[in-house]
Amino acid sequence: MSQQKCNQGPVLRFTKMHGLGNDFMVVDAISQPFRLRPEMIRELADRHFGVGFDQLLVVEPPGLPEVDFRYRIFNADGSEVEQCGNGARCFARFVRDQRLTNKRVIRVQTAGGVIELKLGRDGSVLVNMGVPELEPTAIPFQAGARQTVYPLDVAGQSLELSAVSMGNPHGVLLVENVDTAPVETLGPELERHPAFPARANIGFLQIIDEGHARLRVFERGSGETLACGSGACAAVVAGRLRGRLGKRVEVELRGGRLVIEWQGEGAPVMMEGPAVTVFEGQLRLPGDSPPRRRRSHRSTRNGA
Ligand SMILES: N[C@H](CCC[C@H](N)C(=O)O)C(=O)O
């Protein structure tokens with residue numbers, strides 16, 4: 001019988017959380033040394049041999065003035081990415097519950113820009129996800145000029161795709177019924193399509209009426225998840241630009257409902273939804289895990 005690898009490295013404290021079933025391992029890298037290589041993240045993401053998560057969220061001290069924290073996001077495949085909407089809500093709940101801040105309005109620096117998180121008294125979190133980016137070069141998406149809908153040939157099919165960045169790249173397809181949409185086949189094809197040089201999250205959007213939609217998302221680096229916050233924002237932007245959705249949309253995902261509001265071009269996308277703590281845990285990392293020097297930080301200005 002093979003001897004299980006007994007890790008002799010440092011103990012790592014973490015919290016398991018989810019936003020509508022999109023689940024996260026959350027690590028406070030302020031109060032404890034933390035650095036993981038991509039292969040370690042992949043191991044920890046495994047739902048049989050590791051903790052199991054869609055994304056790893058890391059809390060770090062801010063790197064910018066007027067910002068409370070830095071928020072790093074890693075997909076299950078170990079890739080570091082620019083944005084995670086469901087994760088942002090869990091981030092806000094986490095830093096409050098861990099007493100890393102006593103503020104109710106928190107400004108957070110991500111690789112995709114600065115976002116603002118507002119904790120509601122009912123347990124919901126309101127996130128200003130920033131202004132969507134629609135220029136192909138900034139998404140990035142390979143196209144000669146910006147269009148509301150791009151024709152794309154994939155697997156012998158001619159599709160009409162919207163392309164939006166919420167800090168991270170999204171492709172959005174309209175479908176008749178999300179329950180029968182080809183998420184498992186078309187999702188991976190489009191995630192890695194050459195038109196998306198940085199890969200992309202692929203949303204399958206079923207419009208019910210101008211205030212209601214259903215959505216499934218095949219996420220870059222994690223596969224289909226039960227919910228995707230930035231994907232819901234990108235889908236509402238795409239649907240609104242196509243003249244099919246209004247300013248306020250209730251988006252039903254497999255894991256539950258998000259409320260997305262967008263006033264139109266140049267305006268930020270607002271997302272509101274839940275953030276749930278499942279359990280707190282600790283694990284011992286392999287002995288060769290590189291420790292980092294300890295840092296202390298607490299954002300203490302009283303917020304609104
Ligand atoms: N897979 C995404 C990151 C997580 C986004 C999602 N979990 C959300 O709630 O926005 C990407 O590679 O851009």
Side-chain angles (χ1 to χ4, degrees), residues 16-26 38 41-42 45 47 52-58 71-94 108 110-113 115-117 124-130 132-133 138-141 163-172 183 187-188 190-193 196-205 215-238 251-260 262 268-276 278:
K16 188 77 189 331
M17 303 185 77
H18 75 84
L20 301 180
N22 179 199
D23 65 337
F24 311 107
M25 176 179 179
V26 190
I41 294 173
R42 286 192 290 272
R47 295 189 183 282
F53 52 76
D54 293 327
Q55 279 87 30
L56 166 68
L57 311 181
V58 183
Y71 162 33
R72 296 182 71 183
I73 305 146
F74 300 85
N75 282 322
D77 67 357
S79 57
E80 182 165 8
V81 292
E82 310 88 345
Q83 187 58 275
C84 179
N86 287 323
R89 302 196 310 276
C90 290
F91 187 102
R93 162 96 23 252
F94 178 81
V108 169
T110 72
I115 57 176
E116 188 170 89
L117 322 176
S124 68
V125 182
L126 176 67
V127 183
N128 176 333
M129 291 286 287
E133 178 58 69
I139 293 175
F141 179 71
V164 179
S165 171
M166 292 307 303
N168 57 346
H170 292 265
V172 181
V183 178
L190 283 168
E191 179 208 5
R192 297 177 176 277
H193 192 283
F196 287 108
R199 298 188 291 160
N201 305 282
I202 306 301
F204 296 79
L205 174 63
L215 179 70
R216 288 173 66 183
V217 182
F218 188 92
E219 286 199 29
R220 176 179 62 170
S222 296
E224 182 176 7
T225 56
L226 292 179
C228 179
S230 56
C233 296
V236 169
V237 169
V251 180
E252 289 296 333
L253 300 115
R254 292 176 64 192
R257 174 181 309 171
L258 288 174
V259 176
I260 309 295
W262 186 49
V269 183
M270 305 303 291
M271 168 190 65
E272 184 164 21
V276 176
V278 182

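Predicted model only: the values in this text are computed from it and were never measured. Just so you know, ligand 1 is whichever comes first in the structure, and atom 1 is the first atom listed for that ligand.
Shortest contact from atom 7 (N) of ligand 1 to any protein heavy atom: N22 OD1, 2.8 Å.
Atom numbering of ligand 1 starts at 1 in the shown order; those under 4.0 Å from a heavy atom of N75 are 1 (N), 2 (C), 3 (C), 11 (C), 12 (O). Residue contact check: S230 has heavy atoms under 4.0 Å from atoms 5 (C), 8 (C), 9 (O), 10 (O) of ligand 1. Close contacts between ligand 1 and Q83 involve ligand atoms 3 (C), 4 (C), 5 (C) [criterion: under 4.0 Å to a heavy atom]. When each atom of ligand 1 is checked for a heavy atom of G85 under 4.0 Å away, the hits are 8 (C), 9 (O), 10 (O). Of all atoms in ligand 1, listed by their number and element, those nearer than 4.0 Å to a heavy atom of N86 are 8 (C), 9 (O). In summary, the atoms of ligand 1 found under 4.0 Å from a heavy atom of N168, numbered by their order in the structure, are 2 (C), 11 (C), 13 (O).
Listed for the D77 side chain is a donor-acceptor partner under 3.5 Å among the backbone atoms of S79. Proximity of a side-chain donor or acceptor of R42 to a complementary backbone N or O of G78 within less than 3.5 Å is not detected.
For ligand 1, the polar-atom distance check against E219 finds a nitrogen or oxygen pair separated by under 3.5 Å. Not one N or O of F24 is nearer than 3.5 Å to an N or O of ligand 1, by distance alone. Checking only distances, G229 does come within under 3.5 Å of ligand 1, N or O to N or O.
Note that the CD1 atom of I202 and the CD atom of E224 stand 12.5 Å from one another [nearest 0.5 Å]. For the atom pair CD of Q83 and OG1 of T110, the computed distance is 4.5 Å after rounding to the nearest 0.5 Å.
Between R220 and E191, none of the side-chain N atoms (NZ, or NE/NH1/NH2) sits under 4.0 Å from a carboxylate O, so this pair counts as no salt bridge.
The shortest separation from a heavy atom of S222 to ligand 1 is not under 4.0 Å, leaving the residue out of contact.
A pairwise comparison of heavy atoms in R257 and L20 identifies O-CD1, 3.6 Å as the closest pair. R93 and A275 make their closest contact through NE-O, 3.8 Å (heavy atoms, listed as atom of the first residue, atom of the second, distance).
Of the options N201, I73, V127, the smallest heavy-atom separation from atom 2 (C) of ligand 1 is shown by N201.
Remark: F94 engages no residue in a ring pair (Phe, Tyr, Trp, His ring centres under 6.0 Å) (not counting sequence neighbours).
With a 4.0 Å cut-off on non-hydrogen atoms, Q55 touches ligand 1 through its side chain and not its backbone.
Neither side chain, D54 nor T225, offers a donor N or O lying under 3.5 Å from an acceptor on the other.
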